[in-house]
Amino acid sequence: MHPTQPDPLRIVLAEDGVLLREGLIGLLARFGHRVVAAVGDADALHAAVTEHGPDIVITDVRMPPGQTDEGLRAAVALREQLPGLPVLVLSQYVQRSYAADLLDSGDGSGVGYLLKDRIGQVEDFLAAVGTVATGGTVVDPEVVRQLLRRRRDPLERLTPREREVLALMAEGRSNAAICRELVVSDAAVGKHIGNILMKLDLPPTEETHRRVLAVLEFLRA
């Protein structure tokens with residue numbers, strides 16, 4: 001069963017592994033997207049984004065020459081230069097600081113952090129691409145689980161159930177999906193989310209943006 005066909009996206013892809021890069025180009029093309037540039041290092045990524053003005057950037061964390069965090073630093077720098085540029089970062093391993101740096105860029109919207117293993121789950125991967133491209137925030141569930149183990153203030157004010165709800169929000173779940181996961185009513189989920197936003201002392205703004213801010217608090221804690 002194929003994922004629902006999304007609107008075609010123009011994508012700049014940065015991945016130094018030739019096999020994975022070519023595989024991603026083929027996968028994205030198969031579902032109607034167009035990789036306008038596929039590059040293997042951070043300098044080429046900057047140049048490609050400047051030249052093509054893509055709908056979304058998909059980049060590896062580690063790229064030449066240092067094979068450390070060049071891809072991530074390039075992504076954060078691009079979001080500083082081009083506020084709102086959607087960026088989906090792929091990583092081989094969970095790197096807590098990498099996730100935090102990315103999510104701290106801009107206002108936390110239009111960003112994603114996925115483990116490369118998730119690419120094999122085609123529907124989830126393509127859904128993440130679409131979510132990030134339209135301004136959403138996507139964080140790999142394994143990243144969420146590892147960060148959950150390191151909770152600190154300001155989350156101490158939350159009840160165990162509120163932490164569960166916030167963890168599911170961080171995974172990108174909708175209210176309806178949270179209801180199904182926790183087997184509770186929509187009203188109960190709405191009440192928990194309201195309590196979370198209040199206890200985290202988030203500034204008054206549009207509710208969707210407050211949800212993003214709540215998730216960022218969760219991931220930074």
Go through it in stages, so that I can follow the logic: the residues are I11 and L24, the test is side-chain contact (heavy atoms from CB on, under 4.5 Å), and I'd like the CA-CA distance, side-chain angles, deciding distance and then a yes or no. CA-CA 11 Å; I11 299 169; L24 283 170; over 6 Å; no
For the pair [X] (side chain) and [Y] (backbone), establish whether a donor and an acceptor sit closer than 3.5 Å, ignoring hydrogens and angles.
X	Y	value
D60	M63	no
D55	L9	no
R21	L13	no
R118	F125	no

With rounding to the nearest 0.5 angstrom, report the [atom1] to [atom2] distance, [X] to [Y].
X	Y	atom1	atom2	result
H192	N175	NE2	CG	11.5 Å
L158	E164	CG	CD	11.5 Å
H46	T50	NE2	OG1	8.0 Å

For L126 and L28, run side-chain contact (heavy atoms from CB on, under 4.5 Å): C-alpha distance rounded to whole Å, both residues' side-chain angles, the deciding distance at 0.1 Å, then the answer. CA-CA 8 Å; L126 291 172; L28 292 164; 4.1 Å; yes
Would you check if D124 and L114 make a side-chain contact, meaning some heavy-atom pair closer than 4.5 Å?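 No, side chains not in contact.
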Would a 4.5 Å heavy-atom cut-off, applied to side chains only, mark K199 and E162 as touching?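 Of all side-chain heavy-atom pairs linking E162 with K199, at least one is under 4.5 Å.
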Please say which of [options] ends up in a side-chain contact (heavy atoms from CB on, under 4.5 Å) with [X].
X	options	value
T59	V39, V89, L90, V49	V89
P86	T134, I58, I56, V129	I56
R161	N195, L166, L182	L182

Over all atoms of both residues, closest heavy-atom pair of A48 and A37: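 Minimum heavy-atom separation between A48 and A37: CB-CB, 3.7 Å.
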Quick check: closest heavy atoms across A170 and V139, and the distance to 0.1 Å?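 Looking at all heavy atoms of both residues, the shortest contact is O-CB, 3.8 Å.
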Would E171 and E181 count as a side-chain contact (heavy atoms from CB on, under 4.5 Å) if you check the C-alpha gap in whole Å, the side-chain angles of each, and the deciding distance to 0.1 Å? CA-CA 12 Å; E171 292 183 13; E181 177 73 19; over 6 Å; no
Between V87 and V132, does a side-chain contact (heavy atoms from CB on, under 4.5 Å) hold up when you go through it step by step? CA-CA 7 Å; V87 173; V132 172; 5.8 Å; no
Donor-acceptor pairs under 3.5 Å, side chain of residues 73-81 to any protein atom, not counting sequence neighbours: which ones?
residue, atom, partner, partner atom, Å
R73, NE, D69, OD1, 2.7
R73, NH2, D69, OD1, 3.4
R79, NE, S105, OG, 2.8
R79, NH1, L85, O, 2.8
R79, NH1, S109, O, 3.3
R79, NH1, G110, O, 3.3
R79, NH2, S105, O, 3.1
R79, NH2, S109, O, 3.0

